[in-house]
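Report on the following structure.
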Amino acid sequence: MTARFATACALLCLFAASAASADGVDLKGFHGKVKAELTDLGHLSELNGKYRLRVTEVTMDPGGFMHAHHHLGPGLRCVQSGEMKYDIAGKSTIYKAGDCFTETGAVTHESSVVGSAPVVLLNFELLPDSIPEGKGSIIPAPAEGEHHHEHQ
């Protein structure tokens, strides 16, 4: 493991473990661990230096939540264990182990743990290559009146 990778993991875990707020988003009981990143996008070479793919394993403690937020880029989410409630565009869905879903990152959404078991999910994200080392993908939802539409 490189020192850069270890630092990124430590910083991501530190910010995610903090209850109350991370990057301006109200959350509790979220812990992230970067599992892999890809900056050489192969045949999509025109994207090199602009975007990266990242896989993060996120653990949500019982009672955990992440209130209104967006992400820096689109992604796929795959629940490995536990159950989570996902609220977006006025619709609530319960996702369980084996379920996957998508999000553009540009629509306000919230998530929370259902039941007494932790939730583990894998987040596969396309992110700007300029994202600072150790920074997660969450950002605050825009101010009231700045709405985006999700196309899934």
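What you see below is based on every heavy atom in this structure, not just the backbone, and it leaves out hydrogens, waters and symmetry mates.
With contacts defined as side-chain heavy-atom distances shorter than 4.5 Å, the pair Leu72/Lys135 qualifies. Contact check for Asp40 versus Asn48: side-chain heavy atoms found under the 4.5 Å cut-off. Residues Val114 and Ile94 form a side-chain contact, since some pair of their non-hydrogen atoms from C-beta on lies under 4.5 Å apart. Counting heavy atoms from C-beta on, the side chains of Ile138 and Met66 come closer than 4.5 Å. Under the 4.5 Å side-chain criterion, counting only non-hydrogen atoms from C-beta, Ser81 is not in contact with Leu121. Residues Thr102 and Arg77 are not in side-chain contact: their nearest non-hydrogen atoms beyond the backbone lie 4.5 Å or more apart. With a 4.5 Å cut-off on side-chain heavy atoms, Phe101 and Leu76 do not count as touching. Proximity of Lys96 to Val79: side-chain heavy atoms (C-beta onward) are nowhere separated by under 4.5 Å.
The nearest pair of heavy atoms linking Gly136 to Ile131 is O-CD1, 3.7 Å. Nearest approach of Met84 to Ser111, heavy atoms of both residues: CE-CB, 3.5 Å. The heavy-atom pair separating Ala117 from Pro62 by the smallest distance is C-CG, 4.0 Å. Between Pro142 and Thr108, the shortest heavy-atom contact is CD-OG1, 4.1 Å. Ala97 and Gln80 make their closest contact through CB-O, 3.4 Å (heavy atoms, listed as atom of the first residue, atom of the second, distance). Across every non-hydrogen atom of Val25 and Ala68, the tightest pair is CG1-O, 3.9 Å.
Side chains of Glu110 and Tyr86: no donor on one and acceptor on the other come within 3.5 Å.
Partners of Asn123 according to the side chain to side chain donor-acceptor pair (under 3.5 Å) rule, which considers only residues two or more places apart in sequence or in another chain, do not exist here. Scored by the side chain to side chain donor-acceptor pair (under 3.5 Å) test, Ser92 finds Asp87 as partners (sequence neighbours excluded).
In this structure, the side chain of His109 engages the main chain of Val107 through a donor-acceptor pair within 3.5 Å. Distance alone, capped at 3.5 Å, places no donor-acceptor pair between the Thr56 side chain and the Val58 backbone.
When hydrophobic clusters are built by joining Ile, Leu, Val, Met, Phe, Trp and Tyr residues whose side-chain heavy atoms come closer than 4.5 Å, directly or via intermediates, Ile139 is grouped together with Leu127. Leu122 and Val34 fall into different hydrophobic clusters, defined by Ile, Leu, Val, Met, Phe, Trp and Tyr side-chain heavy atoms under 4.5 Å apart, directly or through other members.
Cluster partners of Leu44 are Leu38, Leu41, Leu47, Tyr51, Leu53, Leu126, counting Ile, Leu, Val, Met, Phe, Trp and Tyr whose side-chain heavy atoms approach within less than 4.5 Å, directly or via other members.
A salt bridge does not link Lys50 with Asp129: none of the charged nitrogens is closer than 4.0 Å to a carboxylate oxygen. Using a cut-off of 4.0 Å between Lys/Arg side-chain N and Asp/Glu carboxylate O, Glu37 and Arg52 are scored as salt-bridged.
The structure places CD of Glu83 at 10.0 Å from OG of Ser116, a figure rounded to the nearest 0.5 Å. Here the SG-CZ distance, from Cys100 to Phe124, works out to 7.5 Å after rounding to the nearest 0.5 Å. Interatomic distance, NE2 of His67 versus NZ of Lys28, reported as 10.0 Å (0.5 Å rounding). Rounded to the nearest 0.5 angstrom, Met60 CE and Leu27 CG are separated by 10.0 Å.
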**OP:** Check the pair His71, His69 against ring pair (Phe, Tyr, Trp, His ring centres under 6.0 Å), reporting the backbone distance first and the verdict last.
**Re:** CA-CA 7 Å; His71 293 273; His69 67 282; 5.0 Å; yes
**OP:** List the steps, then state whether side chain to side chain contact (heavy atoms under 4.5 Å, CB included) holds for Asp61 with Phe30.
**Re:** CA-CA 7 Å; Asp61 297 336; Phe30 271 64; over 6 Å; no
